[in-house]
Q: 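My questions will all concern the structure given below.
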Amino acid sequence: QVQLVESGGGLVQAGGSLRLSCASSRRTPSSVAMGWFRQAPGKEREFVATISWDGGTTSYGDSVKGRFTISRDNAKNTVYLQMNSLKPEDTAAYYCAASRSSLTTRNENGYAYWGQGTQVTVSS
């Protein structure tokens with residue numbers, strides 16, 4: 001079974017940057033699309049970004065477009081989320097997920113495996 005472990009979360013001031021990492025325990029993510037989602041207290045889980053198996057296709061949620069960048073290193077079985085110009089409304093638990101296919105999707109139902117999440121808190 002695929003295990004996904006996120007890291008890199010923390011407390012940052014508004015306008016700052018963080019880079020999240022998602023490491024997989026197996027090579028499965030090299031053949032499937034990967035995604036990042038987030039969930040703030042009292043809110044539904046929200047799509048953040050997704051990347052195809054080869055990194056050639058990416059897609060972003062409207063609220064993060066232009067500020068966040070998703071990337072992957074298949075040799076390291078790791079996916080990254082570079083977050084710049086952070087805002088207090090970006091505060092949430094961020095989850096990495098492995099898709100059921102090689103194609104990108106914004107739908108959380110398209111993801112088979114999920115990490116435990118890493119907390120990002122942006123202070124104003």
Q: For Tyr95, what residues pass the ring-ring contact (aromatic ring centres under 6.0 Å, His included) criterion, not counting sequence neighbours?
A: none
Q: Which pairs count as disulfide bond (SG atoms under 2.5 Å apart) when at least one residue sits in residues 35-85, sequence neighbours excluded?
A: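 For residues 35-85: none.
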Q: Could you tell me which residues satisfy salt bridge (charged side-chain N to carboxylate O under 4.0 Å, His left out) with Lys65, sequence neighbours excluded, listed by chain and number?
A: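 For Lys65, the residues satisfying salt bridge (charged side-chain N to carboxylate O under 4.0 Å, His left out) (neighbours in sequence not counted) are Asp62.
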Q: Using distance only, find each side-chain donor-acceptor pair of residues 115-124 under 3.5 Å and give its atom names and separation, not counting sequence neighbours.
A:
from, atom 1, to, atom 2, distance (Å)
Thr118, OG1, Gly9, N, 3.2
Gln119, NE2, Ala92, O, 3.4

Q: Any side-chain heavy atom of Val12 within less than 4.5 Å of one from Met83?
A: no
Q: Side-chain polar contacts of residues 13-23 - donor-acceptor pairs under 3.5 angstrom, sequence neighbours left out - could you list them?
A:
from, atom 1, to, atom 2, distance (Å)
Ser17, OG, Asn84, OD1, 2.9

Q: Applying ring-ring contact (aromatic ring centres under 6.0 Å, His included), name anything that partners Phe68, two or more places apart in sequence or on another chain.
A: none
Q: Starting from Leu103, walk the hydrophobic network (Ile, Leu, Val, Met, Phe, Trp, Tyr; side-chain heavy atoms closer than 4.5 Å) and list everyone else you reach, by chain and number.
A: none
Q: List the residues meeting salt bridge (charged side-chain N to carboxylate O under 4.0 Å, His left out) with Arg100, not counting sequence neighbours, and say none if there are none.
A: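 If we apply the salt bridge (charged side-chain N to carboxylate O under 4.0 Å, His left out) test to Arg100, skipping adjacent residues, there are no hits.
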Q: How long is the gap from OG on Ser99 to CH2 on Trp53, to the nearest 0.5 Å?
A: 14.0 Å
Q: Excluding sequence neighbours, so at least two apart, what forms salt bridge (charged side-chain N to carboxylate O under 4.0 Å, His left out) with Glu89?
A: none
Q: With rounding to the nearest 0.5 angstrom, report the CH2 to CD distance, Trp114 to Glu6.
A: 10.0 Å
Q: For Arg67, what residues pass the salt bridge (charged side-chain N to carboxylate O under 4.0 Å, His left out) criterion, not counting sequence neighbours?
A: Asp90
Q: Please identify each residue that fulfils side chain to side chain contact (heavy atoms under 4.5 Å, CB included) with Thr69, with sequence neighbours left out.
A: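 Thr69: side chain to side chain contact (heavy atoms under 4.5 Å, CB included) contacts with Tyr60, Gln82.
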Q: State, to 0.1 Å, how close Leu4 and Ser24 come at their nearest heavy-atom pair, and which atoms those are.
A: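 Minimum heavy-atom separation between Leu4 and Ser24: CD2-CB, 3.9 Å.
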Q: Just grab all the salt bridge (charged side-chain N to carboxylate O under 4.0 Å, His left out) pairs involving residues 103-123, residues at least two apart or on different chains.
A: Arg45-Glu108
